[in-house]
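Everything on this sheet refers to the single structure shown next.
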Amino acid sequence: MRLTALLVVLLGLCLIGYLTRPDAFLTEGNISTLLRLAAAIGVVSVGMTFVITAGGIDLSVGSIVALCSVWMTTWATQSYGVVVMVLCSVLVGIGCGLVNGVLVSYGKVMPFIATLAMMASARGLAERISGRQTQVVTEPAFGTIFRGDLLGVPVLIWIFAAVFAGGWVLLNRTTFGRRTLAVGGNPEAARLAGINVRRHTTLVYGLAGLCCSIAAIMVVARTTAGASTNGLYYELDAIAAVVIGGTLLSGGRGSMIGTLIGVLIFTTLGNVFTLNNMQTDIQNITKGALIVLAVLIQAHSTRRRRAPQS
């Protein structure tokens, strides 16, 4: 029922977009743009789904995206070619994620504080490396690979589809996913069941960092540049999409399909606002209201499940 309701909301937004701008909303160019915009934030949201399902939170995803995009587009990195650029982004993203995980699991730092510190540090390091300048991609092979099409579909959308499919399988069909649900539901019970909770938590944050590194590659491919301003508000959009999709903020339940629909809802909402020349502050107010509404619905559903049956 929850997924059905989300689909109704998404279809309603599409209907509003078509009725308000029938000349622009359903065009091939607009749909392609909408999906390209959803791709990067969608990949970040896959990692966020694992973090929140495990009972954590990650406020640093946007800053990690910025740091990865800057580090992979420096002159020194680009001089070694596409493979080194991609590898650099992946290593930086995983490294930042693992630092978050170690601080949370072994350092006993609250996830909010640990990732808040990473958010500030990663963004500051990105500004330091780039000198607050936009670093244009000069490696032609990078654009050839990541800005092209495959079977008529942009490569970025294929990457998003592959990451989403991998995330769904990992969460729903593997031991790693079952352990993530167990750790988020009751860490002490998971420990007594033989799960190394600290190690698993670290790996979950590392996975979120990996998703950020992939998203950084996608952002650089779309904008042809790395900048310390990349990834702004990605943490807001990712958390919003995950919560709207039905993943419990308290952990223990995650829905990758719900996250996908949540990403499409927020991307479509922004697209409708843009096509109708509406101000971004109204869009942000609407996003905030949807987040609050989703949390209230979660709290109400949780109380109903825990209420004693007469």
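Everything quoted here is computed from the prediction, not taken from an experiment. The figures here come from the full heavy-atom set of this structure, side chains too, leaving out hydrogens, waters and symmetry mates.
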Polar side-chain atom of R173 near backbone of W168 as donor-acceptor pair, under 3.5 Å: no
Same apolar cluster: L37 and F273, side chain cutoff 4.5 Å: no
With sequence neighbours excluded, residues passing salt bridge (Lys or Arg N to Asp or Glu O under 4.0 Å) with R132: E127
Which residues share a salt bridge (Lys or Arg N to Asp or Glu O under 4.0 Å) with R21, sequence neighbours left out: D23
Those residues that, when tested against R128, pass side chain to side chain donor-acceptor pair (under 3.5 Å) (two or more places apart): none
Residues which pass ring pair (Phe, Tyr, Trp, His ring centres under 6.0 Å) with F112, listed by chain and number, not counting sequence neighbours: none
Distance (rounded to the nearest 0.5 Å) between T247 OG1 and M48 CE: 11.0 Å
Could you list the donor-acceptor pairs under 3.5 angstrom formed between side-chain atoms of residues 157-167 and any protein atom two or more places apart in sequence or on another chain?
from, atom 1, to, atom 2, distance (Å)
W158, NE1, L150, O, 2.8
W158, NE1, V153, O, 3.4

Counterpart residues, side chain to side chain contact (heavy atoms under 4.5 Å, CB included), relative to T202 (two or more places apart): L98, V102, S105, Y106
With sequence neighbours left out, which residue pairs that include part of [range] fulfil the ring pair (Phe, Tyr, Trp, His ring centres under 6.0 Å) condition?
{"range": "residues 121-144", "result": "F142-F146"}
{"range": "residues 238-265", "result": "none"}
{"range": "residues 179-236", "result": "F176-H200"}
{"range": "residues 50-84", "result": "none"}

Tell me which donor-acceptor pairs under 3.5 Å the side chains of residues 55-65 have, and how far apart each pair is, sequence neighbours excluded?
from, atom 1, to, atom 2, distance (Å)
D58, OD1, S60, N, 2.9
D58, OD1, S60, OG, 2.6
S60, OG, N100, ND2, 3.1
S63, OG, M119, O, 2.7

Pairs touching residues 184-212 that satisfy salt bridge (Lys or Arg N to Asp or Glu O under 4.0 Å), sequence neighbours left out: E188-R191
